[in-house]
There are 2 protein chains.
Amino acid sequence: MGKRVESLGCRKFGEKLRVDCKNCSLGELCIPRGLDIGEIERVNKIIHKKRTLHRGDYLYRAGDKFESLLALKAGTVKIVSLDNRGNEHIIGLFLPGEILGFGGFATGMHEYSAVVQETVSVCEIPANGLEALCQEVPNLQHQLFQLMSCKLNQERGKLVTNKKPAEERMASFLIDLSDRYHCRGFSAVEFNLSLTRQEIGNHLGLALETVSRLLSHFQEMGYIEVDRKLVVIKNLGGLRAILSVDESDKKRA
Amino acid sequence: MGKRVESLGCRKFGEKLRVDCKNCSLGELCIPRGLDIGEIERVNKIIHKKRTLHRGDYLYRAGDKFESLLALKAGTVKIVSLDNRGNEHIIGLFLPGEILGFGGFATGMHEYSAVVQETVSVCEIPANGLEALCQEVPNLQHQLFQLMSCKLNQERGKLVTNKKPAEERMASFLIDLSDRYHCRGFSAVEFNLSLTRQEIGNHLGLALETVSRLLSHFQEMGYIEVDRKLVVIKNLGGLRAILSVDESDKKRA
DNA sequence: CGTATTATTGACTCCATTCAAAGATAGTGG
DNA sequence: CCACTATCTTTGAATGGAGTCAATAATACG
């Protein structure tokens with residue numbers, strides 16, 4: 001269990017907080033996408049914190065009051081749910097440049113918990129201020145609708161892939177990571193799974209042994225090279241083909 | 001394949017369109033929730049259509065331009081996706097009082113298709129008009145954030161339950177329908193699955209035979225009575241227990 | 001009334017899990 | 001630095017839950 005972060009708000013007097021959306025490396029990926037300089041400046045004013053958190057720390061817990069969206073500048077975060085039996089389920093993994101917390105608008109409380117996986121740097125965007133600012137900046141309102149809508153589509157996509165056989169789920173998982181890292185300026189072919197085999201299995205609804213076997217299998221096929229958590233993709237096309245090539249096609253070959 | 005509805009916009013001259021949010025039977029369930037009379041009146045003005053559609057008709061298709069949210073006054077709609085192999089996947093079932101189309105904000109196009117399952121009556125809420133109105137009515141903006149957020153949490157909940165064994169998935173499906181019908185003023189214990197066994201299986205990631213067997217099983221246990229698509233729940237507690245009672249507890253008995 | 005669709009039920013098969021055991025890696029403290 | 005431990009990973013073998021195949025029954029529909 002990671003230690004609870006008492007408040008994202010506390011900061012030492014004089015601590016330098018460089019929060020400046022204009023110069024942020026996330027650039028077009030974060031909230032300001034599609035806003036002009038003046039609008040970005042206004043968003044910038046309501047973003048009042050930036051913090052570093054470490055593995056196991058909670059950004060928020062299920063049941064916590066929803067106060068802010070969180071923009072990941074660096075690091076990775078897993079979203080988890082506890083089911084009726086107290087078992088943890090990993091709902092998703094967030095990468096640098098992604099925004100967490102949209103689920104909080106529903107009831108004003110977070111429904112799931114967010115746990116730091118790899119050391120994280122986050123900008124905090126107060127929900128009240130953001131909603132108020134949306135009243136004045138139409139582009140910002142639209143941008144938020146887009147971001148939430150996009151997240152909704154993503155989760156629906158997972159609903160579809162999670163019904164497929166183990167091999168496809170695993171391939172989809174890797175491709176998804178590759179795509180998401182890529183469009184955030186990282187390498188599409190070399191990245192860290194920041195989850196253990198156990199956690200990947202949990203996320204995909206597979207046994208950890210199955211995950212291990214599939215990674216080995218993909219390696220034997222020459223699609224990837226795995227060393228611990230580091231994945232190097234050698235043949236992305238090969239991986240993608242798993243999602244579309246039909247079993248009946250294989251038999252014909 | 002159901003016939004394509006050319007445009008939801010066309011209507012005969014003189015056709016009587018009773019669209020009046022104030023007196024709508026959906027009441028607090030639809031968009032106007034949490035708005036005062038004056039605000040409802042403004043929403044009312046931008047809702048310009050109400051249509052009836054029949055089984056197999058498309059409310060929208062994947063790839064269609066996103067122009068409106070659709071509020072279901074009556075009937076049921078399934079949301080479907082086509083995967084890489086051309087197979088249909090049922091992502092969700094919408095009930096009266098629910099709102100479709102939130103996925104369209106992401107790209108301005110619908111990513112999934114919406115197919116009428118049981119004859120439907122829909123109000124169409126133009127996205128442009130709605131966004132503009134949100135700029136003037138803070139409550140409405142907040143309401144939309146809530147609705148989208150709620151949908152996001154719902155889909156995440158499905159991600160969790162769809163990893164569980166067949167029996168639990170089936171029980172969750174029935175309980176979910178019961179809850180949703182209930183909070184919309186319908187009976188919590190008697191309703192129509194508006195999907196075939198095949199479709200339920202598709203939705204839950206099960207074979208149609210498994211669905212059939214599980215429904216029979218629940219009936220043998222006295223939890224439900226099934227006649228074709230009509231379900232009467234005799235012991236909701238029993239169904240709920242399936243989700244929380246551990247296998248190890250069973251063995252102890 | 002006949003045909004097509006949908007549903008039920010049984011038997012067999014197989015994919016992925018579970019069980020098991022050994023190996024690798026990271027972290028800790030003497 | 002190395003031993004010691006905890007955690008994570010790999011791989012093999014056996015088991016089982018759900019899928020597939022198959023045949024019949026029930027229902028809907030034109």
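Naming: A, B, ... by sequence-line order, numbering from 1 per chain.
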Need one value for [X]: base, sugar-phosphate or nothing, where a base atom within 4.0 Å counts as base even if backbone is also close, heavy atoms only.
X: A:G201; result: nothing
X: B:L206; result: sugar-phosphate
X: B:A207; result: base

Looking at [X], I'd like to know whether one of its side-chain N or O atoms comes within less than 4.0 Å of OP1 or OP2 on [N].
X: B:T196; N: C:dT5; answer: no
X: B:R213; N: C:dT8; answer: no
X: A:T210; N: C:dT17; answer: yes
X: A:R197; N: D:dT10; answer: yes

Legend entry - Mutual orientation of the aromatic rings belonging to B:F218 and B:Y223 [parallel < 30°, tilted 30-60°, perpendicular > 60°]: tilted
Can you tell me the distance, in whole Å, between the [atom1] atom of [X] and the [atom2] atom of [N]?
X: A:Q117; N: D:dC8; atom1: CD; atom2: P; answer: 11 Å
X: B:D227; N: D:dT27; atom1: CG; atom2: P; answer: 7 Å
X: A:R228; N: C:dG23; atom1: CZ; atom2: P; answer: 17 Å
X: B:K163; N: D:dA18; atom1: NZ; atom2: P; answer: 16 Å
X: B:L208; N: C:dG10; atom1: CG; atom2: P; answer: 16 Å
X: B:L204; N: D:dG19; atom1: CG; atom2: C1'; answer: 15 Å
X: A:L214; N: C:dC15; atom1: CG; atom2: P; answer: 13 Å
X: B:N202; N: C:dA7; atom1: CG; atom2: P; answer: 13 Å

Legend entry - Short N-O contact, B:D179 and B:R240, less than 4.0 angstrom: yes
Inset, instruction - Using the ring of A:Y58 (Phe, Tyr or Trp, six-membered ring only), decide whether A:R61 places NZ or CZ under 6.0 Å from its centre and within 45 degrees of its axis. - result: yes
Inset, instruction - Compute both the distance and the angle, then confirm whether A:K151 meets the cation-pi test with A:F94: under 6.0 Å from the six-membered ring centre, within 45 degrees of the axis. - result: yes
Legend entry - Neighbour count above 12 (heavy atom, 6.0 Å) for A:H182 NE2: no
Legend entry - Base C:dC19 to side chain A:E209, donor-acceptor N/O within 3.5 Å cut-off: yes
